[in-house]
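Just so it is clear, the structure is predicted and the values come from calculations on it, not from any experiment.
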Amino acid sequence: VEINTRLLSSRRVVTFDDSHPAIESYRLLRTQLLQRHERDKVNSFGITSPNPDEGKTLTSVNLAISLARSADLRVILLDADISNPSTHALFGMRVEQGLIDYLGGTVPLDKLLVKLNIPNLWFVPGRIVRESLMERTGMSGFEHLVELLTSDERNILIVDLPPVLAKDDTLALATRLDGLVMVVEEGATRTAEIDRAVDLLRRCNLLGTVFNKFSRKQQTYY
């Protein structure tokens, strides 16, 4: 699929622009995850947040592109936020089939896995489903998919998960992944919500947090 990379920055996908102020933050996050990948064999990373609209999808996309640009790896971006799949919209794509169709056995993976015109980057889109993923298909299909997509040690899987406090699917999905990153938004995410989300994810490998929309001006060396 050909996406218009020149329009990505207008959708706040900035990891193509080496002059953007946020690029170093994404590079730092990328380096940390690559270290976990190499040292601890962490091959699948889930990106979530306590609540909707705190930046997890944008973080997932920017991180996936940054990883794909940096290393001799195959990066696979999977949209698992079935109640509000929006990753495809950042790429300017229309979606008729998604993750739920693969899990339901109606669409094979080779018909769903999309090679983007970004080197080393593949994409599995989501299609909106209102009911619980657990109630619809169970978790065995998702677990098998993760194993399939990470069977090659050169593969890194980035999964855009639902918000922790908004969907019960998140906990079940997160336990099938090697590591988890939680996005919180300055001025929006409350401390109590962070505490509650961390408590719910206590059985998962929570690697750390991303502080999104950070506005404080910092003096830098350069």
Nearest heavy-atom pair of [X] and [Y]: which atoms, and what distance?
| X | Y | value |
| --- | --- | --- |
| Leu73 | His37 | CD2-NE2, 4.0 Å |
| Pro162 | Leu173 | CD-CD1, 4.0 Å |
| Leu58 | Tyr26 | O-OH, 4.2 Å |
| Arg12 | Asn62 | O-ND2, 3.2 Å |
| Val114 | Pro125 | CG2-CD, 4.5 Å |
| Gln97 | Lys111 | OE1-O, 4.4 Å |

Test item: [X] and [Y] side chains (from C-beta on) under 4.5 Å apart, heavy atoms:
| X | Y | value |
| --- | --- | --- |
| Met182 | Ile194 | yes |
| Thr175 | Glu143 | no |
| Pro85 | Arg127 | no |
| Arg69 | Pro119 | no |
| Asp160 | Leu78 | no |
| Ile100 | Ile128 | no |
| Leu207 | Leu180 | no |
| Thr87 | Phe123 | yes |

Euclidean distance, [Y] [atom2] relative to [X] [atom1], rounded to 0.5 Å:
| X | Y | atom1 | atom2 | result |
| --- | --- | --- | --- | --- |
| Leu200 | Asp195 | CG | CG | 11.0 Å |
| Thr209 | Phe211 | OG1 | CZ | 9.0 Å |
| Leu63 | Leu33 | CG | CG | 5.5 Å |
| Glu54 | Leu165 | CD | CG | 8.5 Å |
| Ser10 | Leu90 | OG | CG | 9.5 Å |
| Asn205 | Phe45 | CG | CZ | 9.0 Å |

Hydrophobic cluster membership, [X] vs [Y], 4.5 Å side-chain cutoff:
| X | Y | value |
| --- | --- | --- |
| Val95 | Trp122 | no |
| Leu7 | Val14 | no |
| Leu67 | Phe91 | yes |
| Val210 | Leu77 | yes |
| Leu109 | Val146 | yes |

Any luck finding a side-chain donor-acceptor pair between Glu2 and Asn117 under 3.5 Å? yes

So, Thr150 versus Asn43: side-chain donor-acceptor pair below 3.5 Å or not?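 Their side chains do not contain a donor-acceptor pair, so the 3.5 Å distance test is not met.
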
Where the side chain of [X] meets the backbone of [Y], is there a donor-acceptor pair that is under 3.5 Å apart?
| X | Y | answer |
| --- | --- | --- |
| Arg202 | Val198 | no |
| Thr106 | Asp101 | yes |
| Asp79 | Asp81 | yes |
| Lys115 | Val1 | no |
| Asn155 | Leu149 | yes |
| Thr48 | Leu161 | no |
| Asn120 | Val75 | no |
| Thr170 | Pro163 | yes |

A quick test of your reading: do over 12 heavy atoms of other residues, nucleotides or ligands sit less than 6.0 Å from CZ of Arg39? yes

Give a yes or no on whether a salt bridge exists between Arg154 and Asp72, defined as a side-chain N under 4.0 angstrom from a carboxylate O. no

List the residues meeting side chain to side chain contact (heavy atoms under 4.5 Å, CB included) with Gln32, not counting sequence neighbours, and say none if there are none. Leu28, Leu29

Set of residues satisfying side chain to side chain contact (heavy atoms under 4.5 Å, CB included) with respect to Arg190, sequence neighbours excluded: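 Applying side chain to side chain contact (heavy atoms under 4.5 Å, CB included) to Arg190 gives Glu193.
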
Carefully, step by step, assess Asp178 and Lys41 under the rule salt bridge (charged side-chain N to carboxylate O under 4.0 Å, His left out). CA-CA 8 Å; Asp178 296 332; Lys41 306 303 180 184; over 6 Å; no

Reference residue Arg74; test side chain to side chain contact (heavy atoms under 4.5 Å, CB included); the match among Asp152, Ile156, Leu121, Leu157: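 That would be Asp152.
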
